[in-house]
2 protein chains.
Amino acid sequence: MSNLTSTSDDILRCARSLIIEGGYNGFSYADISKVVGIRKASIHHHFPSKVDLVRTLVVRYREDAETAIAELGRAYPQPADQLRAYTGYWAGCIADATRTFCVCALLATELPVLPSEVVAEVRAYFRMFSDWLTSLMEQGADEGTLTLAGTARSEAEGFIATVHGAMLSARAYGDPSVFTVVTQPLIERLVARRQ
Amino acid sequence: MSNLTSTSDDILRCARSLIIEGGYNGFSYADISKVVGIRKASIHHHFPSKVDLVRTLVVRYREDAETAIAELGRAYPQPADQLRAYTGYWAGCIADATRTFCVCALLATELPVLPSEVVAEVRAYFRMFSDWLTSLMEQGADEGTLTLAGTARSEAEGFIATVHGAMLSARAYGDPSVFTVVTQPLIERLVARRQ
DNA sequence: ATTAATCTACCTTCTAGTAGGATGACTGTC
DNA sequence: GACAGTCATCCTACTAGAAGGTAGATTAAT
């Protein structure tokens, strides 16, 4: 019953981890075929074209992120704790090598050569993510639990950039600890009371 | 005379801009062939394999960066001014669309699927870059012109991550100004005197 | 006369994608 | 309960074009 759709889920999961490793042009239907144990043509039955596959993958990725963000808000009332939980989640994923990069951050680097349908979804993810962080920054500033150096939006953009850059550096050095070295001071600085 | 080697330079220049757009798997010899106005086979004469081409490209990229860094040190005695000149250079490149991403930052995202020869050179670039920034941070701290929150190395890693992340965000939003929005506070924070 | 640079022509492998058939589960109908 | 029809899933077999790369001839510079 519920595992009727499990094949297309398997395909999406596999494609996601392949994209995380090498981006849109770094994997093929043949690669998925080998991992999932299904023929190439069967993948085309579930996702007629590669664009379809990656587009749905990114859409779902964003939906999952939205759900996770909503849960984060319920679990942690304080913005600082939500930021800590977010970077902590990624620190764990990078350390145990389950998910060493954000799918949308990786696709964003290839944006100029990506099909327009995928570009639109990646951009939608960044907008959503930026809006969430901006509102978190605003909330923290209003409550007096976060100290912003600039506008809520610019602090949010700085946060996004630093987190994605930290993933990049961790990958470049082949050292997961770099992610924490970079992201921990980022939150401490926001939490620090202005002297 | 000097333009005897200009074809291989043209190939390297072209490959560089193609990599900046879409990474290692985002371009082919046929793409270069069209732009440079030379046949595929002629490219193979200059660079027997794609790995040769990209490896030499990255080696030269690092050498050019080392030269530029040395010049920066001569032009600006103050570490803060060197950091400003560095981010200012990139802000200009991104704004006029000449070079919208660091070649090594882009290749680093694809590291797991890159040929090992290229991986080695990309890593060498990151080490060189990190060493330079660390010594800059140390110098600034010694002179009292920079205020470090952590170690010189961790500040350097934070700087690298944020700059690369700022390139990523500028590309994701399709808005060059995001780069400056993110990198300007980064330097202001280091320059600010501790209260 | 030699050598570097370029060409045409080709090869092999991979790429995304298609055509059409086999299987099997779920329907409604008698 | 048997029967036919429908539909989803997966298969084999195939295509056209792009990929990286090679062989060997031609051209041009020294």
Side-chain angles (χ1 to χ4, degrees), chain A residues 1-58 107 110 112-119 121, chain B residues 1-58 60 106-107 110 112-119 121:
Chain A
M1 304 255 132
S2 63
N3 68 343
L4 275 177
T5 48
S6 100
T7 303
S8 81
D9 285 349
D10 286 351
I11 294 168
L12 284 170
R13 238 191 314 275
C14 176
R16 188 183 55 193
S17 65
L18 288 171
I19 286 179
I20 287 169
E21 277 186 63
Y24 187 87
N25 290 310
F27 80 100
S28 70
Y29 269 39
D31 295 328
I32 298 175
S33 157
K34 279 173 219 148
V35 177
V36 177
I38 205 180
R39 293 307 169 119
K40 261 182 7 165
S42 305
I43 304 172
H44 280 285
H45 168 74
H46 293 280
F47 304 98
S49 78
K50 198 178 180 182
V51 175
D52 290 318
L53 170 57
V54 178
R55 212 202 69 249
T56 35
L57 187 152
V58 175
L107 289 175
E110 304 177 295
V113 298
L114 251 39
S116 57
E117 296 95 323
V118 177
V119 170
E121 297 305 332
Chain B
M1 306 250 133
S2 62
N3 67 342
L4 275 177
T5 47
S6 101
T7 304
S8 81
D9 284 350
D10 286 350
I11 294 168
L12 285 170
R13 236 191 315 276
C14 176
R16 188 183 57 195
S17 64
L18 288 171
I19 286 179
I20 287 171
E21 277 184 63
Y24 188 87
N25 290 310
F27 79 101
S28 70
Y29 270 39
D31 295 328
I32 298 175
S33 156
K34 279 174 219 147
V35 177
V36 177
I38 206 180
R39 294 305 170 122
K40 260 183 11 167
S42 306
I43 305 172
H44 281 284
H45 168 74
H46 293 280
F47 304 99
S49 77
K50 197 179 181 181
V51 175
D52 291 317
L53 170 57
V54 177
R55 211 202 70 251
T56 36
L57 187 153
V58 176
R60 190 165 302 188
L106 213 151
L107 289 175
E110 304 177 295
V113 299
L114 250 38
S116 56
E117 297 94 323
V118 177
V119 170
E121 297 305 332

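Numbers restart at 1 for each chain; the letters A, B, ... are given by sequence-line order, proteins then strands. Note that these values count all heavy atoms, side chains included, but never hydrogens, waters or copies made by symmetry. All values reported here derive from a predicted model rather than from experimental measurement.
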Engineer: Compare the minimum distances between each of dA16(C), dC11(D), dT8(C) and the side chain of Ile38(A), then state the nucleotide with the smallest one.
Structural biologist: dC11(D)
Engineer: Quick one: closest heavy-atom pair of Cys14(B) and Val36(B), and the distance?
Structural biologist: CB-CG2, 3.9 Å
Engineer: His44(A) NE2 to dT15(C) P: how many Å, rounded?
Structural biologist: 11 Å
Engineer: Keeping the roles fixed (side chain from Tyr29(B), backbone from Ala41(B)), state whether a donor-acceptor pair exists under 3.5 Å.
Structural biologist: no
Engineer: Touch check for Ser28(A), heavy atoms < 4.0 angstrom, all strands: base, sugar-phosphate only, or nothing?
Structural biologist: sugar-phosphate
Engineer: Does dA5(C) have OP1 or OP2 sitting under 4.0 Å from an N or O in the side chain of Thr7(B)?
Structural biologist: no
Engineer: Does the side chain of Ser6(A) come under 3.5 Å of the side chain of Asp9(A) through a donor N or O and an acceptor N or O?
Structural biologist: no
Engineer: Measure across Phe27(B) and Leu53(B) and return the closest heavy-atom pair with its distance rounded to 0.1 Å.
Structural biologist: CE1-CD2, 4.4 Å
Engineer: Ser42(A) side chain N/O closer than 4.0 Å to the phosphate oxygens (OP1, OP2) of dC11(D)?
Structural biologist: yes
Engineer: Nearest to the side chain of Ala30(A), heavy atoms from C-beta on, is which of dC10(D), dT18(C), dT15(C)?
Structural biologist: dT15(C)
Engineer: What do you reckon, is CZ of Arg16(B) surrounded by more than 12 foreign heavy atoms closer than 6.0 Å?
Structural biologist: yes
Engineer: Using atom CD1 of Ile32(A) as one end and atom C1' of dA16(C) as the other, report the distance to the nearest whole Å.
Structural biologist: 11 Å
Engineer: Under 4.0 Å between any heavy atoms, over every strand shown, what does Phe47(B) touch: base, sugar-phosphate, or nothing? Just pick one.
Structural biologist: nothing
Engineer: In whole angstrom, what separates Tyr29(A)'s OH from dG17(D)'s C1'?
Structural biologist: 17 Å
Engineer: Without decimals, in angstroms, what is the distance between Lys50(B) NZ and dC14(C) P?
Structural biologist: 15 Å
Engineer: 5'-most contact on DNA chain D: Lys34(B) or Ala41(B), nearest heavy atom basis?
Structural biologist: Lys34(B)
Engineer: Taking CG from Leu53(A) and C1' from dT15(C), how many angstroms apart are they, rounded to a whole number?
Structural biologist: 15 Å
Engineer: Rounded to whole angstrom units, what separation is found between the CG atom of Asp52(A) and the P atom of dA16(C)?
Structural biologist: 13 Å
Engineer: Looking only at N and O atoms, is any donor in the side chain of Lys40(B) or the base of dG20(D) less than 3.5 Å from an acceptor on the other one?
Structural biologist: yes
Engineer: Between dG20(D), dA4(C), dC7(C), spot the one nearest the side chain of His45(B), thanks.
Structural biologist: dA4(C)
Engineer: Rounding to a whole Å, what distance do you find between Ile11(B):CD1 and dT6(C):P?
Structural biologist: 7 Å
Engineer: Counting only side-chain nitrogens and oxygens, does His46(A) get under 4.0 Å of the OP1 or OP2 atom of dC10(D)?
Structural biologist: yes
